[in-house]
Amino acid sequence: MEDNENVVSSTETEQVEETTEKVQSESTSKEKTYTRDEVNKMIHAEKEKVKQEVTKKLEAEKSEAEKLAKMDTEQKLNYELEQTKKERDDYKNQINSLTLQNEAHSYAEKKGLPLGYIKDIDYSRETAESIKEKINNLASLRTQDITNSLNEKLKQKSPKAVDSKTEVEDPFIKGFKEYKK
């Protein structure tokens, strides 16, 4: 218990030092001065936050220890086995997620799709097929949008129809003829 109090007091000391450094840096940058009461309130608030975090952790560990104390050896082993299986599954999911993300990035690059389009995909809940389908859909939508945008920007007025019966004399030729005369 004394070790826990030492941990709490050392973390509180670190928090207090950080808070005073923040207050000092703020006072130099903003030129605002704080009264001792204001500084003491800030320090007290930070201490309370740290205390609450530490007590939550300690309570969780205590409840875990109580659970284990109530169990017999076989139950303890089964419980620990379940916990390690959960951790293993979590790690597997993380690895699969990272692998899918790498594959999705390479596939998106092959399709010419910027990576910004696929940054919001939750790889932990997707399969390779669904990600491939999404990338294909996004790539086709992007291509269609670019095509529509280019067509819109490149639109020109249609040329005026010239009646073949009426000859329009070229102004350069007309000027040349007048010059010869």
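Taking NZ from Lys132 and CD from Glu126, the interatomic distance works out to 15.0 Å, rounded to the nearest 0.5 Å. Taken from NZ in Lys177 to NZ in Lys174, the straight-line distance is 10.5 Å, to the nearest 0.5 Å. One finds the CG atom of Asn96 at 9.5 Å from the CD atom of Glu103 (value rounded to the nearest 0.5 Å). Put simply, CG on Leu81 and CD on Glu74 are 11.5 Å apart, with the number rounded to the nearest 0.5 Å. With values rounded to the nearest 0.5 angstrom, Asn136 atom CG is found 11.0 Å from Leu141 atom CG.
By the 4.5 Å heavy-atom criterion applied to side chains, Lys86 and Asp89 are not counted as neighbours. Side-chain contact between Thr84 and Arg88: absent, with no pair of heavy atoms (C-beta onward) separated by less than 4.5 Å. Two residues are said to be in side-chain contact when any heavy atoms from C-beta on lie closer than 4.5 Å; Leu113 and Arg142 meet this criterion. Proximity of His105 to Asn102: side-chain heavy atoms (C-beta onward) are nowhere separated by under 4.5 Å. Between Ile43 and Lys47, some side-chain heavy-atom pair lies under the 4.5 Å cut-off. Side-chain contact check for Ile121 versus Gln101: every heavy-atom pair is 4.5 Å or farther apart.
Placement of Tyr91 and Tyr123 in two distinct hydrophobic clusters is found when ILVMFWY residues are connected by side-chain heavy-atom separations under 4.5 Å, directly or transitively. Under the 4.5 Å side-chain heavy-atom criterion for Ile, Leu, Val, Met, Phe, Trp and Tyr, Leu100 and Leu115 are members of the same hydrophobic cluster. If you chain together hydrophobic residues whose side chains sit under 4.5 Å apart, Leu98 and Tyr107 never meet in one group.
Side chain of Thr143 to backbone of Ala139: a donor-acceptor contact under 3.5 angstrom is found. Without hydrogens or angle criteria, Gln75 side chain to Asp72 main chain gives a donor-acceptor distance under 3.5 Å. Using modelled atom types, no side-chain atom of Ser149 and backbone atom of Asp145 make a donor-acceptor pair closer than 3.5 Å.
With respect to Glu53 and Lys56, no salt bridge is recorded, no charged nitrogen being found less than 4.0 Å from a carboxylate O.
At most 12 non-hydrogen atoms from other residues, nucleotides or ligands lie less than 6.0 angstrom from NZ of Lys57.
The two residues Ser124 and Ser97 come nearest to each other via the heavy atoms N-OG, 3.8 Å. Between Ala104 and Ile135, the shortest heavy-atom distance links the atoms O-CD1, 3.5 Å.
Listed by chain and residue number, Tyr79 satisfy the side-chain hydrogen bond (donor to acceptor under 3.5 Å, both in side chains) test with Gln83 (two or more places apart in sequence, or in another chain).
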- Query: Would Asn137 and Lys134 count as a side chain to side chain contact (heavy atoms under 4.5 Å, CB included) if you check the C-alpha gap in whole Å, the side-chain angles of each, and the deciding distance to 0.1 Å?
  - Reply: CA-CA 5 Å; Asn137 289 340; Lys134 286 182 180 183; 5.6 Å; no
